[in-house]
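Worksheet for the structure shown next.
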Amino acid sequence: MPVLAWPLALLLLPLPWLAARWLPLAEAGPALRLPGRPFLQGSRYFAATGRRPGGVAVLVWLCLVVALARPLWPEVVPTEAGPAPSDLLLVLDVSASMDAEDLLLHGRPASRLTVAKAIAAELVHSLGPGRAGLVVFGSAAHVHTPLTRDKAALLDGLAALQSGLAGRGSALDDAIVLAAERLAGTSAGRQSMLVLSDGAARPGGKAVAGNVGGVAPGDLKIHALLVAGRRPASGSGEADSASLQALAERSAGSFARVADGDGLRAFLQGIRQAAGPGRPPATRWRELYPWPLALALVLSVGLGLDRIRRRGG
């Protein structure tokens, strides 16, 4: 529905009628005679035809008043950012251990990496307009897709991932430190990291919690999803998954295991809320006054040309 920016301008609509009713008729002068009732009477054209000027002339006046009232048309415009800009980095394990097929996807056996990629893609699809990126790690950690608002590019990067892309080992500690460094260098109001790993660290790797402590910004939330069908056997994997859980809890993040269906749904919902919703759509107002103004101009020109033609005739 269009609205009027200056609705009080409509009070000018009866002005010609008031002028015709209350203003005295102009007396004839020796040099020039003005129309007796401006705008509505005194026109040679209307006098000759016997028609009152209530048609075209009144329509011209109506268009001018409507244009003066500034009609506006509302347009809904989605905003590009939420209440505060948000950055989310996905940290995905592509080590050799992610080839283990101890999980189910749509009722079929699937590798840990396949399930992790499916979960990450579902999360990316549901994110708001903030930025997201991807860090992958095997024997070494690399930034695969820098922080971006281009979801299609991020999803393409996820789909192309294969195990062993960054080596057969598992530098989980280096990957988390790298992601924390990248997030620390941004100006986003909210920063979060999601680690998708089976929890098996490389032999001799540094403790995850100790490594990240001096790098991660204070408002960074670290969420961790353990992608494994069963708890890792006693050893480095079990110890590293425990430290990963402790790190998530310490940063006010969350921890879950992919084998826990109900817990996984609640976990992903928490990630979406941490990333932050977008602003509600904004309203942009389009000016419509040029249309009635142009119509008034066309009608006035047509009326003037018609009067000239009739006088010439």
ask   = With sequence neighbours excluded, what pairs up with Thr148 under the side chain to side chain donor-acceptor pair (under 3.5 Å) test?
value = none
ask   = Which one of Leu154, Asp87, Leu88 satisfies the side chain to side chain contact (heavy atoms under 4.5 Å, CB included) criterion with Leu147?
value = Asp87
key: Remaining members of hydrophobic cluster (4.5 Å side-chain criterion), Leu8   = Leu11
remark   = Sorted by chain and residue number, the side-chain contact (heavy atoms from CB on, under 4.5 Å) partners of Leu15 (sequence neighbours excluded) come out as Trp61
query = Is Arg112 salt-bridged to Asp99, cutoff N-O under 4.0 Å?
reply = no
query = Under a single-linkage rule joining Ile, Leu, Val, Met, Phe, Trp and Tyr whose side-chain heavy atoms are separated by less than 4.5 Å, which residues share a cluster with Val3?
reply = Leu72, Trp285
Atom pairs and distances, donor-acceptor, side-chain atoms in residues 286-301, under 3.5 Å, two or more places apart:
| unit_1 | atom_1 | unit_2 | atom_2 | d |
| --- | --- | --- | --- | --- |
| Arg286 | NE | Glu75 | OE2 | 3.1 |
| Arg286 | NH2 | Glu75 | OE2 | 2.7 |
| Glu287 | OE1 | Arg70 | NE | 3.3 |
| Glu287 | OE2 | Arg70 | NE | 3.2 |
| Glu287 | OE2 | Arg70 | NH2 | 2.3 |
| Ser300 | OG | Ala296 | O | 2.8 |

remark   = With sequence neighbours left out, the residues meeting side chain to side chain donor-acceptor pair (under 3.5 Å) with Thr114 are Ser111
task = Please name all residues satisfying side chain to side chain donor-acceptor pair (under 3.5 Å) with Glu249, sequence neighbours left out, ordered by chain then number.
result = Gln245
ask   = Got a sec, which residues hit side-chain contact (heavy atoms from CB on, under 4.5 Å) with Leu104, two or more places apart in sequence or on another chain?
value = Pro109
message = The criterion is side-chain contact (heavy atoms from CB on, under 4.5 Å); which residues satisfy it with Ala96, sequence neighbours excluded?
response = Arg168
Counterpart residues, side-chain contact (heavy atoms from CB on, under 4.5 Å), relative to Ala116 (two or more places apart) = Leu92, Met98, Leu196, Val227
message = If hydrophobic clusters are built by linking Ile, Leu, Val, Met, Phe, Trp and Tyr wherever their side-chain heavy atoms come under 4.5 Å apart, do Leu4 and Leu12 end up in the same one?
response = yes
ask   = Under the 3.5 angstrom rule, does the side chain of His223 hit a backbone N or O of Ser254 as a donor-acceptor pair?
value = yes
request  = For Asp150, check side chain to side chain donor-acceptor pair (under 3.5 Å) against everything at least two apart and list the hits.
outcome  = none
